[in-house]
Enquirer: 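If you scroll down you'll find the structure; I have some questions about it.
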Amino acid sequence: MNIEMQLKGKLIAAVKELYGQEINEKQAQVQITRKDLTGDFTIVVFPLLKVSKKSPEDTANDIGEYIKNNDETVSNFNVVKGFLNIELAADYWLNLVNEIVAQDKHGYVTADENSPLVMIEYSSPNTNKPLHLGHIRNNLLGYSVSRIAEANGNRVVKTNIVNDRGIHICKSMLAWKKWGEGCTPESTGKKGDHLVGDFYVMFDKKYKAEISTIIEEKISEYTPIKDSEDFKATFSALKAKKKTKEGLNETEVEQLKACEELSKYAENNAPLIIEAREMLLKWEAKDKEVYADWKMMNQWVYAGFDVTYKKLGVDFDKIYYESETYTEGKDMVLQGLEKGAFYRREDGSVWCDLSDKGLDEKLLLRKDGTSVYMTQDIGTAKLRYDDFDIDKMVYVVGNEQDYHFQVLALLLDKLGFKWGKDLMHFSYGMVELPHGKMKSREGTVVDADDLVDEMVKTARQMSKELGKLDGYTEEEAEEVFKMIAHGALKYFILKVDPRKNMTFNPEESIDFNGNTGPFIQYTHARIKSIFRKAAEKGIEISDKAPTNVEIGEKENNLIRTIANFPNVVAEAGKTLSPAVIANFAFDLAKAYNQFYHDCPILFEEDENIRMMRLVLCKTVAKTLKNAMWLLGVDVPEKM
RNA sequence: GGUCCCGUAGCUCAGCUGGAUAGAGCAUCUCCCUUCUAAGGAGAGGGUCUCAGGUUCGAAUCCUGACGGGAUCACCA
C-alpha cells in the first residue's frame with residue numbers, strides 16, 4: 001500500500017472518530033505538499049467542513065492531532081490557511097529509499113504471458129520520399145509509447161505499415177522511367193529514399209507544368225479570365241476570401257465554381273497523371289515490367305529507411321506492407337458489399353454511406369477497381385488480428401487523420417469486427433517551424449537524416465570543446481555524441497504534450513542547457529563520476545542507507561520526487577504521454593543538481609550521512625535511467 | 001458551412017481527476033569553480049492564464065457563448 005492511500009485511510013478514520021460520519025473518496029483529498037512549505041503530504045479540509053461544523057483551522061488541527069497519534073510514520077503536522085500539512089518521519093523516507101534501491105525497475109510493472117497484448121503502429125511511411133521532421137515526431141512518439149505501454153505491464157508488439165503501393169509510388173516510378181536514364185543509388189551515390197524522393201518531386205514539377213498548360217488551353221471555355229497567371233491569382237484570392245467573414249457574393253461563387261471545375265479538369269487530364277494511373281492499374285494486374293521496377297525501387301527506399309530508423313534509434317517487431325494487405329482489404333470490401341453494408345455506384349465505384357453517423361459517404365474502391373488508403377487499412381487490420389491475439393490496437397498517426405480513423409472504426413464495426421470501435425487513434429499534433437509550416441515546394445522541409453547528422457555534429461563539437469571525454473577511445477566518444485544528439489532531439493520533441501501542435505526551432509533543439517535531454521544525461525554522468533571517485537577512494541557503496549540519520553530539505557525533496565515515479569509511469573501509461581515522463585525526468589534532475597550543489601557527498605565526514613547520500617545517488621541514477629529509457633534515450637557514464 | 005483540436009511570461013512549454021502566492025527553460029541583468037563534472041547552482045525583472053458570463057467555500061482547470069489560430073469534410077495518402 002502506498003503512503004497516500006494509507007493517509008487517506010487514516011483521514012477517513014479520523015473523520016469517523018471525530019465527527020461520527022463516513023466520507024467518500026472524493027472528500028478525502030491527499031496531495032503532495034507544495035515545495036515552499038514544510039510537510040510531505042497535504043490534506044485539504046475544506047470538503048470536510050460540512051461534516052466537522054468547525055472552522056478550517058480547527059478541523060485541520062483535530063485531524064492532524066488524530067493522525068499524528070494514530071500513524072507512526074507521521075512525525076508532525078502544521079496548518080496553513082486551512083490546509084493540513086503532514087510531515088513524515090525521516091526513517092520512513094530512508095526505508096523507502098532502501099526499498100527502491102533494491103528494485104531494478106522501480107516504477108515499472110512487468111508483463112507476463114497473461115498480460116494484455118497491445119499492438120502499436122507507428123512510422124507508416126510512404127515509399128515515395130524520405131522521412132522528414134513530421135515523421136520524426138511520429139517515430140519518437142511511437143517508440144516511446146511502446147516502452148511506456150511495456151513498463152505498464154503490457155505485452156507490446158511494435159508494428160509498421162509501409163505504404164509501398166498506390167498512386168504516389170507510381171509517380172516516382174514514372175518519373176524515374178522517363179527521365180532517370182536508369183540511374184541507381186549506386187550510380188548516383190545517393191541514399192535510395194532520397195533518390196526516389198527526387199523523382200517524386202520531379203514528377204510533381206512536370207505535372208504542375210502540364211496542368212498550367214491545360215488551364216491555358218481551356219481557360220476561355222470556363223472563365224472570362226485571360227491567362228493562367230491571372231487564373232492562379234484569382235483562384236487563390238477567391239479561396240482566401242471564402243474563408244473570411246464576409247464570404248463571397250453570387251458572381252464570385254460562380255467564378256470560384258468555374259475555377260474549381262477547370263482546375264479539376266486539368267488535374268485529371270494531364271497526360272502524366274493519366275499515365276501514372278495506367279501504371280497503377282498495371283501494377284495491380286501484376287504487370288511484369290512494372291512490378292520488377294517497383295520491387296527494385298522499393299528496395300532502394302527500404303535500404304534508406306533502415307539507415308534512418310537506425311539513426312533515430314527505433315525499431316519494429318513486425319512490419320506489414322500495404323502491397324501484401326490491400327487485396328485482403330479489397331476482399332473485405334466486396335464481402336461488405338454482398339452483405340449490403342456498402343453499395344456500388346453506377347460508375348462501378350464502391351462506397352459506404354455514413355451519413356446516419358453524421359459523417360459523409362466514403363469511397364472504398366475506385367471505379368477502376370483499384371484500392372484507396374482506407375481499403376488497405378481494413379485489410380491490414382484484418383491480417384493483424386489474424387496474426388496476433390490483440391487486446392488493444394493503437395495507431396500513432398497525425399491528427400490530420402482524425403476523420404479517417406473515425407471512419408475506419410465505423411467501417412470495421414460494419415464489417416462485423418467486434419474490435420473495430422475499440423481501436424485507438426493516438427492522434428498527435430503537427431510539427432511547425434518558426435516561420436510556419438514545412439512546404440516541400442519552398443524547400444523548408446527538414447530532412448530526418450540531415451537533422452540527426454546535424455545534432456551529432458553539434459554534440460561532437462561541444463563535447464570536444466568541453467573536453468570531458470578525455471580517456472575515451474574514438475569509438476566510445478562517438479557513441480556518447482550519438483547518445484547526446486538523441487537525447488537532445490528526442491527530449492525536445494517528446495517533452496511537449498503529443499496532442500498539441502509544436503514549434504520546432506532548430507536552434508533551440510540543439511541547445512544542451514536548461515530543460516533539455518543533455519541536461520538530464522549530464523546529471524546522470526555526474527552521479528556516475530562520483531561513483532568512480534568513490535571507488536578510487538576505496539569507498540564501497542552499500543545497498544542499504546542507514547535509517548537513523550537526519551535528512552535535509554534537498555534530500556527530502558529528492559526522495560519524494562523519486563517516490564512519485566511509479567505514479568508518473570502509471571499516469572503516462574493511462575494517457576500514453578511521454579511528456580509526463582519527460583517532465584518528471586527534468587524535475588528529478590533539477591532536484592538532484594540542487595542537492596549536489598548544497599550537500600557534500602564524498603566530502604561528507606559523517607560516515608552515515610555520506611553513505612545515505614551515496615545510496616540516494618544510486619536511486620537517482622537508476623530512476624533517471626529508467627525514466628529516459630521510456631523516452632528511448634540512453635544515458636552516458638561520462639559526458 | 002459541419003465536425004474536431006488549440007489559446008498560460010518577449011519566445012518555447014509545464015500545470016494530474018477544481019485547491020494555498022500560476023511554474024520551468026530560453027532570452028536579458030547580477031552573483032558562485034584553491035570541494036565530488038560550471039552541459040551546473042543562486043538571485044532579479046517579466047502574467048488581466050484571449051474575453052464575457054455561469055457552477056463552487058474555491059476556477060488557468062468544469063459548463064455556455066464570443067473572439068483568435070489550426071486540422072478535416074478528395075476516385076491523395
Enquirer: Looking only at side-chain N and O atoms, does A:Asp377 offer a donor or acceptor that is under 3.5 Å from a partner on A:His404?
Expert: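 A pair is found: one side chain offers a donor N or O, the other an acceptor, under 3.5 Å apart.
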
Enquirer: Would you indicate what A:Thr42 reaches in the nucleic acid, counting non-hydrogen atoms under 4.0 angstrom: base, sugar-phosphate, or nothing?
Expert: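 The answer is base, as A:Thr42 lies within the cut-off (heavy atoms under 4.0 Å) of a base atom.
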
Enquirer: Could you measure between the two P atoms, the one in B:U3 and the one in B:G65, and give it in whole Å?
Expert: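 To the nearest whole Å, 11 Å.
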
Enquirer: Have a look at A:Gln29 and say if it touches a base, only the backbone sugar-phosphate, or nothing, with a 4.0 Å heavy-atom cut-off.
Expert: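 Since a base atom lies under 4.0 Å of A:Gln29, the category is base.
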
Enquirer: Looking at A:Glu324 and A:Arg165, is any side-chain nitrogen of the basic one under 4.0 Å from a carboxylate oxygen of the acidic one?
Expert: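 The answer is no: the pair does not qualify as a salt bridge.
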
Enquirer: On a whole-Å scale, what distance lies between the C1' atoms belonging to B:G41 and B:U35?
Expert: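 So the two C1' atoms sit 14 Å from each other.
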
Enquirer: With heavy atoms under 4.0 Å as the rule, sort A:Lys468 into base, sugar-phosphate or nothing.
Expert: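 Answer is base: heavy atoms of A:Lys468 come under 4.0 Å of a base.
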
Enquirer: What string of B, S and - do you get for nucleotides 72-77 of chain B, 5' to 3', when a contact is any protein heavy atom under 4.0 Å?
Expert: SS-BSB

Enquirer: Does the side chain of A:Gln31 get closer than 4.0 angstrom to OP1 or OP2 of B:G19 through an N or O atom?
Expert: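 A:Gln31 to B:G19 OP1/OP2: no side-chain N or O under 4.0 Å.
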
Enquirer: Where the side chain of A:Phe519 is concerned, which of B:G19, B:G41, B:C36 is the nearest nucleotide?
Expert: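 It is B:G41.
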
Enquirer: Whole Å only: how far is the NE2 atom of A:His597 from the P atom of B:G43?
Expert: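 Interatomic distance, NE2 of A:His597 to P of B:G43: 10 Å.
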
Enquirer: Taking only side-chain N and O atoms of A:Arg526, does any of them lie within less than 4.0 angstrom of OP1 or OP2 on B:C36?
Expert: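 For B:C36, OP1/OP2 do not have a side-chain N/O of A:Arg526 under 4.0 Å.
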
Enquirer: Which whole-number value in Å describes the distance from A:Leu588 CG to B:A14 C1'?
Expert: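 A:Leu588 atom CG is separated from B:A14 atom C1' by 16 Å.
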
Enquirer: Is A:Asp347 paired with A:Arg345 through a side-chain N to carboxylate O contact shorter than 4.0 Å?
Expert: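 No salt bridge links A:Arg345 with A:Asp347.
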
Enquirer: Does the structure place the NZ or CZ of A:Arg526 under 6.0 Å from the centre of the six-membered ring of A:Tyr596, at an angle of no more than 45° from the ring's axis?
Expert: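 Judged by the rule, A:Arg526 and A:Tyr596 form a cation-pi pair.
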
Enquirer: State, with a plain yes or no, whether a side-chain heavy atom of A:Ile148 is found less than 4.5 Å away from one of A:Pro578.
Expert: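 When only atoms from C-beta onward are counted, A:Pro578 and A:Ile148 do touch, with a gap below 4.5 Å.
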
Enquirer: In a check of ring-ring contact (aromatic ring centres under 6.0 Å, His included) between A:Tyr326 and each of A:Tyr373, A:Trp283, A:Tyr320, A:Tyr321, which one passes?
Expert: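 Checked A:Tyr373, A:Trp283, A:Tyr320, A:Tyr321 against A:Tyr326; only one passes ring-ring contact (aromatic ring centres under 6.0 Å, His included): A:Trp283.
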
Enquirer: On a whole-Å scale, what distance lies between the P atoms belonging to B:C57 and B:U50?
Expert: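 Here B:C57 and B:U50 have their P atoms 25 Å from each other.
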
Enquirer: Determine, for A:Lys208 against A:Asp204, whether the closest basic-nitrogen to carboxylate-oxygen distance falls under 4.0 angstrom.
Expert: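 So A:Lys208 pairs with A:Asp204 through a salt bridge.
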
Enquirer: Within the 4.0 Å heavy-atom criterion, would you say A:Asp377 contacts the bases, only the backbone, or no part of the nucleic acid?
Expert: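 Nothing, no nucleic acid heavy atom in range.
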
Enquirer: Roughly how many Å apart are B:A59 and B:G19, using the P atom of each and rounding to a whole number?
Expert: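 Comparing P positions in B:G19 and B:A59 gives a spacing of 11 Å.
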
Enquirer: Honestly, is A:Lys537 close enough over A:Phe603, meaning NZ or CZ under 6.0 Å from the six-membered ring centre and within 45° of the axis?
Expert: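 Here A:Lys537 passes the 6.0 Å and 45° test against A:Phe603.
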
Enquirer: What I want to find out is whether A:Asp40 reaches A:Arg560 closely enough, with some N-O distance under 4.0 Å, to be called a salt bridge.
Expert: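 Counted as a salt bridge, because a side-chain N and a carboxylate O are separated by less than 4.0 Å.
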
Enquirer: OP1, OP2 of B:G41 versus side-chain N and O of A:Lys554: anything below 4.0 Å?
Expert: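 False: A:Lys554 side-chain N/O out of range (4.0 Å or more) of B:G41 OP1/OP2.
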
Enquirer: Using whole Å, what does the distance between atom P of nucleotide B:A39 and atom CE of A:Met639 come to?
Expert: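 The distance from CE of A:Met639 to P of B:A39 comes to 9 Å, rounded to the nearest Å.
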
Enquirer: For A:Ile530, answer base if it contacts any base atom (sugar-phosphate contacts may also be present), sugar-phosphate if it contacts only those atoms, and nothing otherwise; contact means non-hydrogen atoms under 4.0 Å.
Expert: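 Sugar-phosphate contact only.
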
Enquirer: Rounded to whole angstroms, how far apart are CD on A:Gln27 and P on B:G58?
Expert: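 One finds 17 Å between P of B:G58 and CD of A:Gln27, rounded.
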
Enquirer: Any idea if B:C67 is syn or anti, going by the 90°-from-0 cut?
Expert: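 Anti.
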
Enquirer: Please work out if A:Glu604 contacts a base, only the sugar-phosphate, or nothing of the nucleic acid, heavy-atom cut-off 4.0 Å.
Expert: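 Counting heavy atoms under 4.0 Å across all strands, no contact is made by A:Glu604.
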
Enquirer: With nearest nucleotides of RNA chain B determined for A:Val30 and A:Thr523 from heavy-atom distances, which residue corresponds to the more 5′ nucleotide?
Expert: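 With A:Val30 and A:Thr523 compared, the 5'-side residue is A:Val30.
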
Enquirer: Expressed in whole Å, how much space separates the P atoms belonging to B:A27 and B:G40?
Expert: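 My reading of the P atoms in B:A27 and B:G40 gives 10 Å.
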
Enquirer: Sort out the partner of B:G18 for me: Watson-Crick or G-U wobble, both distances under 3.5 Å, none otherwise.
Expert: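 Check on B:G18: unpaired, no WC or wobble geometry under 3.5 Å.
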
Enquirer: Write down the distance separating the C1' atoms in B:G46 and B:U12, rounded off to the nearest Å.
Expert: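 Here B:G46 and B:U12 have their C1' atoms 15 Å from each other.
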
Enquirer: Can you check each nucleotide of nucleotides 21-30 of chain B against protein heavy atoms at under 4.0 Å and return B for base, S for sugar-phosphate only, - for none, in 5' to 3' order?
Expert: S--SSS----

Enquirer: Taking the six-membered ring for Trp, is the centroid-to-centroid distance between A:Phe504 and A:Phe492 below 6.0 Å?
Expert: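 Yes - the distance between ring centres of A:Phe504 and A:Phe492 falls below the 6.0 Å cut-off.
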
Enquirer: Using atom CZ of A:Phe512 as one end and atom P of B:G40 as the other, report the distance to the nearest whole Å.
Expert: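 The answer, rounded to whole Å, is 12 Å.
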
Enquirer: Kindly say if A:Lys533 contacts the phosphate of B:U35, meaning a side-chain N or O under 4.0 Å from OP1 or OP2.
Expert: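 The answer is no; no side-chain N or O of A:Lys533 sits under 4.0 Å from OP1 or OP2.
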
Enquirer: For atom C1', what is the distance between B:C4 and B:A14, given to the nearest Å?
Expert: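 B:C4 and B:A14 have their C1' atoms separated by 24 Å.
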
Enquirer: Check the pair A:Asn160 / A:Tyr122 against side chain to side chain donor-acceptor pair (under 3.5 Å), numbers first and verdict last.
Expert: CA-CA 6 Å; A:Asn160 186 358; A:Tyr122 70 97; over 6 Å; no

Enquirer: What's A:Ile484 touching, base or sugar-phosphate or nothing? Going by heavy atoms closer than 4.0 Å.
Expert: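 The answer is base, as A:Ile484 lies within the cut-off (heavy atoms under 4.0 Å) of a base atom.
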
Enquirer: Return the value, rounded to whole Å, for the distance between atom CG of A:Asn583 and atom P of B:C16.
Expert: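 Answer to the nearest Å: 11 Å.
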
Enquirer: Across the strands shown, which category fits A:Asp497 at heavy-atom distances under 4.0 angstrom: base, sugar-phosphate, nothing?
Expert: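 Sugar-phosphate: the residue A:Asp497, judged by heavy atoms under 4.0 Å, touches backbone atoms but no base.
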
Enquirer: Have a look at A:Cys599 and say if it touches a base, only the backbone sugar-phosphate, or nothing, with a 4.0 Å heavy-atom cut-off.
Expert: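 Base contact.
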
Enquirer: Can you tell me how far P of B:U8 sits from NZ of A:Lys500, to the nearest Å?
Expert: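 Distance check: A:Lys500 NZ to B:U8 P gives 8 Å.
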
Enquirer: Could you tell me the Watson-Crick or G-U partner of B:A27, where both distances fall under 3.5 Å? Say none if there is no partner.
Expert: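 None - no nucleotide pairs with B:A27, as no candidate has both distances under 3.5 Å.
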
Enquirer: Is the shortest distance from a Lys or Arg side-chain nitrogen in A:Glu284 or A:Lys330 to a carboxylate oxygen in the other one below 4.0 Å?
Expert: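 Salt bridge between A:Glu284 and A:Lys330, a charged N being under 4.0 Å from a carboxylate O: yes.
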
Enquirer: Output the rounded distance in Å from CG (A:Asp598) to C1' (B:C32).
Expert: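 Those two atoms, CG and C1', are 12 Å apart.
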
Enquirer: Taking NZ, NE, NH1 and NH2 as the nitrogens, is one of them in A:Arg366 or A:Asp368 under 4.0 Å from a carboxylate oxygen of the other?
Expert: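 No.
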
Enquirer: Contact class for A:Val80 (heavy atom, under 4.0 Å): base, sugar-phosphate, or nothing?
Expert: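 Base: the residue A:Val80, judged by heavy atoms under 4.0 Å, touches a nucleobase.
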
Enquirer: When you measure from the side-chain N and O atoms of A:Thr503 to the phosphate of B:C13, is any distance below 4.0 Å, counting only OP1 and OP2?
Expert: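 For A:Thr503, the contact criterion (side-chain N or O under 4.0 Å from OP1 or OP2 of B:C13) is met.
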
Enquirer: May I ask which nucleotide in the shown strands pairs with B:G7, Watson-Crick or G-U wobble, both distances under 3.5 Å?
Expert: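 Pairing partner, where one exists within any strand: B:C67.
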
Enquirer: Using the P atom as the reference point in each nucleotide, state the distance between B:G43 and B:C6 in Å, no decimals.
Expert: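 Their P atoms lie roughly 34 Å apart.
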
Enquirer: Name the pairs: protein N/O against N/O of nucleotides 55-57 of chain B, kept only if under 3.5 Å.
Expert:
none

Enquirer: Can A:Tyr522 be classed as stacking with the base of B:G40, given a centroid separation cut-off of 5.5 Å and a plane angle cut-off of 30°?
Expert: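 Here A:Tyr522 fails the 5.5 Å or the 30° condition.
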
